[in-house]
Amino acid sequence: MKILGIETSCDETAASLCEVKGGNFKIISNIVSSQINIHKKYGGVVPEVAARAHAEVVYDVVGRALGKIKIKTIDLIAVTYGPGLVTSLRVGVLAAQAIAGLADISLVKVNHTEAHLLSPFLNNKRIGFPALGLIVSGGHTELVLMKDFGKYKIIGETRDDAVGEAFDKVAKMLNLGYPGGPIISQLAIRQGAEPLNLKLPRPMLNSKDFDFSFSGLKTATLYLAKKMSKTELKKMTPAICKEFQNAVVDVLVKKTIYAAKKYNIKSILVGGGVSANKELRNALEKLDYKVYLPNLEYTGDNASMIAFAGWKKYKRAKKNEVFKINASPNL
Ligand code: KG4
Ligand code: ZN
């Protein structure tokens with residue numbers, strides 16, 4: 001069975017062709033057209049600009065994903081319908097409905113956050129259940145119990161900013177550019193093993209629940225930076241980035257261990273843009289659990305994870321949703 005995935009929830013237009021043979025899921029193409037260069041100058045994603053840019057490239061991206069494969073040979077289209085930016089989501093949903101409707105292909109709608117959760121399956125075949133999922137993206141920070149595909153329970157989430165959002169906002173405050181995660185992690189690497197001489201809080205580190213909070217950490221970083229002169233701030237920026245990243249990693253890892261122990265899980269799955277972070281990956285891989293991370297190309301937004309989540313959902317529901325999709329930004 002051939003599956004076409006389409007993703008346009010934020011600032012990446014993505015399409016992926018995948019094939020399932022004998023129960024094995026294989027990625028044939030994974031095309032991602034990023035809008036980062038367009039949004040960079042605004043310091044963040046501008047929704048209307050994003051939607052227009054998606055509309056301009058979506059058919060080309062789908063065409064590149066298909067390559068020489070004829071659309072008529074596709075058995076299933078999977079498209080993100082939320083959560084995300086409503087105008088961006090609509091472009092992907094409309095494109096998918098048009099292609100599916102015209103070529104008479106089954107269509108299934110996919111929850112973007114579920115797809116991030118399942119992204120480690122793209123490069124790991126056997127993952128034991130029950131599993132604990134840590135979703136860390138620009139829009140979400142969640143701990144999820146997973147009994148099986150389609151059987152999820154959110155046990156903890158952020159009470160304010162998502163972790164990727166905190167990386168982006170701190171980078172903006174320090175005038176480092178957008179998106180903040182990769183820039184902050186690069187500067188933290190530059191800091192190396194030098195002593196830091198500064199300390200930021202680890203919000204909710206010892207709270208007896210699985211929730212997170214990153215807005216106070218962001219504000220504490222701002223106050224720390226404001227106390228410094230321009231020259232001092234320039235000199236100290238790599239140290240601030242490293243301490244900010246350390247604080248984030250400490251909280252994420254401690255809460256993950258706490259949940260893993262409490263629920264007696266077999267595996268830990270990690271997904272979302274922030275799962276590209278090297279420090280976080282290293283810290284999680286050291287745990288006494290089987291930890292499954294996506295390959296770097298599947299950490300950020302991509303359509304292969306949408307195709308995978310769509311395939312699993314279609315197998316469960318066997319439902320063709322061609323005309324039953326509304327973009328759902330707050331999913
Ligand atoms: O999953 P994603 O591509 O989009 C959403 O669904 O939100 O995540 C994007 C987020 C951004 O906030 C970006 O700064 C963050 O992932 N990110 C990182 C790294 N690479 C991307 N955060 C920390 N370290 C990284 N290396
Ligand atoms: Zn995402």
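One-based numbering, in listed order, for ligands and for the atoms of each.
Of the listed options S185, G273, G180, A188, G273 places a heavy atom closest to atom 19 (C) of ligand 1. Looking at G181, G84, G139, it is G181 that brings a heavy atom closest to atom 22 (N) of ligand 1.
The CD1 atom of I135 sits 13.0 Å away from the OG1 atom of T158 when rounded to the nearest 0.5 Å. Remark: K254 NZ to R202 CZ distance equals 11.5 Å, nearest 0.5 Å. Between atom CD of residue Q35 and atom CZ of residue R52 there is a gap of 12.0 Å, rounded to the nearest 0.5 Å. Here the straight-line distance linking atom OG of S213 with atom CE of M204 works out to 6.5 Å at 0.5 Å rounding. Summarising the geometry, atom CZ belonging to F244 is positioned 11.0 Å from atom CG belonging to N246; distances are rounded to the nearest 0.5 Å.
For atom 6 (O) of ligand 1, the closest non-hydrogen atom of the protein is H112 NE2, 3.1 Å. Ranking protein heavy atoms by distance to atom 24 (N) of ligand 1, first place goes to N277 ND2, 3.0 Å. Atom 15 (C) of ligand 1 has as its closest protein heavy atom V274 CG2, 3.9 Å. At the shortest separation from atom 13 (C) of ligand 1 among protein heavy atoms lies D168 OD1, 3.8 Å. Atom 10 (C) of ligand 1 has G138 N, 3.6 Å as its closest protein atom, hydrogens excluded (heavy atom only).
Checked against a 6.0 Å centroid threshold, the rings of Y258 and F210 count as neighbours. A distance below 6.0 Å separates the ring centres of F308 and W311. The six-membered or imidazole ring of F214 lies away from that of F167, with a centre-to-centre distance of 6.0 Å or more. Remark: aromatic rings of F149 and F129 are close, center separation under 6.0 Å.
Using a 4.0 Å cut-off between heavy atoms, H140 makes no contact with ligand 1 at all. The part of H116 lying near ligand 1 is the side chain, judged by heavy-atom distances below 4.0 Å.
Between G164 and ligand 1, at least one pair of N/O atoms sits closer than 3.5 Å. For a threshold of 3.5 Å applied to N or O pairs, the pair formed by D301 and ligand 1 contains at least one separation below that value.
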Check the pair E157 / H140 against side-chain hydrogen bond (donor to acceptor under 3.5 Å, both in side chains), numbers first and verdict last. CA-CA 8 Å; E157 61 194 327; H140 290 81; over 6 Å; no
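Applying the 4.0 Å criterion to heavy atoms of G300 picks out, from ligand 1, the atoms 3 (O).
Residue-and-atom listing of protein N/O/S atoms under 2.8 Å from the Zn ion (ligand 2), sorted by chain and number: H112 NE2, H116 NE2, D301 OD1.
Nearest heavy atom pair, residue P329 against residue L89, reads CA-CD1, 3.8 Å. The two atoms that bring K255 and L205 nearest to each other are CE-O, 4.0 Å, heavy atoms only.
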